[in-house]
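Worth saying up front: this structure is predicted, and the values here are computed from it rather than measured. Counting begins at 1 with the first residue of the sequence. First listed ligand is number 1; within each ligand, the first listed atom is number 1. Computation of the quantities below employed the complete heavy-atom set of this structure, encompassing side-chain atoms and omitting hydrogens, waters and symmetry-equivalent molecules.
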Amino acid sequence: MKKRFETEVIHNSYQAEEHQGSLVPPLYQTSTFTFANAEQGENRFAGKEEGYIYSRLGNPTVKILEDRMATLENGEAALAFSSGMAAVSAVLMALTKTGDHILCSQGVYGCTFGLMELLKEKYGIEHDFSQMDSVETLGNVILSNTACIYIETPINPTMKLVDLEMVAKVAKQKGIPVVVDNTFCSPYLQTPLTLGCDVVIHSATKYISGHGDVIAGMAVGKKDFIGQVSKTTQKDIGGIISPFDAWLLLRGIKTLPVRMDRHSENAKHLFEYLKTHPKVDYIYYPGDPENKDYAIMKKQMKTPGGLISFSIKGTKETAQTFMNQLQLIKIAVSLGDAESLIQHPATMTHAVVPEEERRKMGIENTLLRLSVGLEAWEDIKEDLDQAFQNI
Ligand code: LCS
């Protein structure tokens, strides 16, 4: 029987009795698996006999992670990848072909934007960005060749939200699969599959790992679809995770709920501090009751999460000077780590997006994105405070 989330992150899909009583899942650090005889090898390749063959096709440590993530996201099956981008590209390539169209949320991570451009230029797969803020809007932007809807919510780095239940309902009527990048929430804060969406993607590099020492990705969905990705765009393009990275993720994921609660709690305090700061122009934070997406946050997220984007009054140089004054908060891309990290989207994560597109997405040159870490929030606040005093 399925247990509560906090229990499943620790115990799901692992039986110590099957592994010499080892409390922690063993690391199967092996590239290949030996067959007892030639016939066994033939039968495994032919799918007539269950069993491992070669770690690009499956690995026991990786399988524990995949099964656990499938349960946490309320999906039937999952696959682990070498990066979030490997997961995004494998899923999109499995769902589309030349002549198709992808409908995207009004903003995506910079490299996902880059992938959309590549798919257009090399393979003739078009895309559009849309607000997706009502059934009417969706009715106008879904085209006859729309093969999938691709959503980030919260959107990196503007923290805009998309009502997943609403989009899933419209998409279902038209038979279009909805893919959701759930990186900013993790399954602890939001489970898109339970809201009617079809595939969930993660940059597991972020909150799933939580410790800033792994680059990895995940895709979760129906057994048939995940099986198809496993046999095609994962197997043949080859963006598989290493067993050691899967093992590190199994270690990190155990504390996911504890970490997410702390990230969210810290972020709430820092939002309160930033919202009245005279040198802050505006803030993008889904927990802001004045944010237009606040009702969506209440509806589909457990808490507003650990990310805050804010615009500094002044210019790009003011924002950069502010970053350079910080001492505790590190200047780095990535997010979801124990360490608080700050980055400048216009010149970092979203530098590949042309300025005009960035403006449409809401990424001004004065915008900073803070990934609130697990330190004492008072210390993070004091660091922000001294940096503000020096600009
Ligand atoms: N999806 C989202 C929403 C992301 O934020 C990222 C990476 C990816 C996918 C790709 O995952 P990766 O291949 O890096 O594991 N986002 C980054 C960011 O905001 N700063 O550095 C990387």
Would you say that more than 12 heavy atoms from the other residues, nucleotides or ligands in this model lie under 6.0 Å from the CD of Glu272, or not? yes
Do Glu66 and Lys63 meet the salt-bridge criterion of a basic N to acidic O distance under 4.0 Å? no
State which residues pass salt bridge (Lys or Arg N to Asp or Glu O under 4.0 Å) with Arg359; sequence neighbours excluded, sorted by chain then number. Glu355, Glu364
Any chance the side chains of Gln300 and Glu165 put a donor and an acceptor closer than 3.5 Å? no
Before you tell me yes or no, could you show the steps for Asp198 and Lys222 under salt bridge (Lys or Arg N to Asp or Glu O under 4.0 Å), namely the whole-Å CA-CA distance, both residues' side-chain angles and the distance that decides it to 0.1 Å? CA-CA 7 Å; Asp198 300 280; Lys222 286 253 169 19; 5.3 Å; no
Hey, what polar pairs (N/O, under 3.5 Å) does ligand 1 make with protein?
unit_1	atom_1	unit_2	atom_2	d
ligand 1	1 (N)	Asp181	OD2	2.5
ligand 1	5 (O)	Asn156	ND2	3.0
ligand 1	11 (O)	Ser203	OG	3.0
ligand 1	13 (O)	Gly84	N	3.0
ligand 1	13 (O)	Met85	N	2.9
ligand 1	15 (O)	Gly84	N	2.9
ligand 1	15 (O)	Ser203	OG	2.8
ligand 1	15 (O)	Thr205	OG1	2.6
ligand 1	16 (N)	Lys206	NZ	2.9
ligand 1	19 (O)	Asn156	ND2	3.1
ligand 1	19 (O)	Arg369	NH1	2.7
ligand 1	19 (O)	Arg369	NH2	3.2
ligand 1	20 (N)	Ser334	N	2.8
ligand 1	21 (O)	Ser334	N	2.9

Between Asn74 and Thr194, is the side-chain hydrogen bond (donor to acceptor under 3.5 Å, both in side chains) condition met? List the steps. CA-CA 7 Å; Asn74 284 304; Thr194 58; 4.9 Å; no
